[in-house]
2 protein chains.
Amino acid sequence: MYTARMDTAERLITSTQELLWERGYVGTSPKAIQERAGAGQGSMYHHFRGKADLAVTAMDRSAAELRAQADAVLTEGATPVARIGAYLTREREPLRGCRVGRMAMDPDVIDSDELRRPVEETFVWLRERLAGIVADGVAAGELAPELDPSDTAAAIAAVVQGGYVLARAAGSREPFDRAVRGALALLTAARP
Amino acid sequence: MYTARMDTAERLITSTQELLWERGYVGTSPKAIQERAGAGQGSMYHHFRGKADLAVTAMDRSAAELRAQADAVLTEGATPVARIGAYLTREREPLRGCRVGRMAMDPDVIDSDELRRPVEETFVWLRERLAGIVADGVAAGELAPELDPSDTAAAIAAVVQGGYVLARAAGSREPFDRAVRGALALLTAARP
DNA sequence: GTCTATATCGTGATAGAC
DNA sequence: GTCTATCACGATATAGAC
């Protein structure tokens, strides 16, 4: 499953990233990680102090990847509203959920400052990034001046995260696409 | 912790409701349920076929309670937009998450049609209920006719579910309140 | 660095006494 | 109906050989 060029520590990290996305922190066992990575117990505990240590490493990695993807797409459009539209309609697999956002529902993640940190940082960054674009839209006269940038940014981020919930609940991506279209229509209707 | 008037089966169900809300399905063990309910192994397996059976019963109960609360609040306002506002700003504890929505991130719940059913039904109902109100708002000239009721409803439901994610990620209810305010501002700006 | 052995505890369930 | 005993297995980790 993995190329021979990837060393053991690296395979442990990517395997953990996958499993955290698929099953969350509570639902992911060291044994499952080792099996997917093709590594033994000894290797895992040689490279990492334990499950939590490995999970923090994997989550930092996933957070950085997500941020890079989001940043790329948020730079795409010609106007602020087009950039938000590019973020909302970016290619996704809604049934898989958000690899970072899903961690927020994990009790052990929320109870640990260390495990929660990458999740918190990701959404702080995303909301600030979106708020800046909304502010640009207001300044450019593309969005109504009554819109508070931080509030609007939170709503946009929430639509995506909540869209994942609706899609997984339905067993279909349809509600995700509806939520995104609905949010875009509201933004379009909110011109000055 | 529980009144003596509550019998064992009932205590098992309410304890499971609480634990599913706090820790999800994967994170909840039969032992934890029994301890909280003050019941032994034998009692649990006498009244229910196992963890999954008990969880379905508990989730059906939670879904019905949530629906009743949402329905009450969705009837409150004088106009369609006021009713949506009442739903969005309804008293909540964002850091606890949604007791039904959180189940959508649980791998074992999503993999089982039986366990997923109550979650799916809840959001189908909610989205249809919200869509009806949006349609009323459009018909009454309170909302722009370009708004598709089903899409708008999905966006509203997603803002709430995603707001929970943002709040738990931040360790603070603030982003939830921002998302809700942001959504309301967009709806207010989307008058015809 | 990786392996196997071992330890302790929890999970999810069954059996049968009371 | 409820209890305790028991079970097979997995979770999470340590120890020490190789």
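Sequence lines set the chain letters: A, B, ... in the order given, protein chains first and strands last, and positions in each chain run from 1.
Ion pairing between B/Glu65 and B/Arg99 holds under the 4.0 Å rule for side-chain N and carboxylate O. Of the charged side-chain nitrogens involved, at least one lies within less than 4.0 Å of a carboxylate oxygen, so that B/Asp177 and B/Arg173 count as a salt-bridged pair. A salt bridge links B/Asp71 to B/Arg129: one of the charged nitrogens lies within less than 4.0 Å of a carboxylate oxygen.
With D/dT12, C/dA13, D/dT2 as the candidates, the nucleotide lying closest to the side chain of B/Ser43 is D/dT2. Residue B/His46 has its side chain nearest to D/dT2 when only C/dT2, D/dT2, D/dT14 are considered.
If you measure from atom CZ of B/Phe48 to atom C1' of D/dT2, you get 15 Å, rounded to the nearest angstrom. One interatomic measurement links the two molecules: CG of A/Leu19 to P of D/dA11, which rounds to 11 Å at whole-angstrom precision. Taking atom CE on A/Met44 and atom P on C/dC3, their separation rounds to 14 Å, with Å as the unit. B/Glu10 has its CD atom 14 Å from the P atom of D/dG1, to the nearest Å.
Under the 6.0 Å distance and 45° angle rule, B/Lys51 does not count as a cation-pi partner of B/Tyr45. A cation-pi arrangement is present between A/Arg92 and A/Tyr87, with the terminal nitrogen or guanidinium carbon under 6.0 Å from the aromatic centre and inside a 45° cone about the axis.
Neither side chain, A/Arg96 nor A/Tyr164, offers a donor N or O lying under 3.5 Å from an acceptor on the other. Under 3.5 Å, the side chains of A/Gln34 and A/Gln41 contain a donor-acceptor pair of N or O atoms.
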Practice problem: I would like to know whether B/Glu10 and B/Arg61 meet salt bridge (charged side-chain N to carboxylate O under 4.0 Å, His left out); could you show each step before the answer? | Solution: CA-CA 11 Å; B/Glu10 203 58 28; B/Arg61 184 83 65 96; 2.7 Å; yes

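Across all strands, A/Gly40 comes closer than 4.0 Å only to sugar-phosphate atoms, never to a base (heavy-atom distances).
Distances shown here put a side-chain N or O of B/His47 below 4.0 Å from the OP1 or OP2 atom of D/dT2. Using a 4.0 Å cut-off, no side-chain N or O of A/Thr8 falls inside it from OP1 or OP2 of C/dG1.
Comparing A/Gln34 and B/Ala9 against DNA chain D, the residue whose closest nucleotide sits nearer the 5' end is B/Ala9.
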Check nucleotides 6-10 of chain D against the protein and report each pair of N or O atoms closer than 3.5 Å, with its distance, or say if there are none.
none

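Non-hydrogen atoms lying under 4.0 Å from DNA chain D are contributed by A/Gly50, A/Lys51, all within residues 49-62 of chain A.
The side-chain hydrogen bond (donor to acceptor under 3.5 Å, both in side chains) search around A/Ser172 returns none, not counting sequence neighbours.
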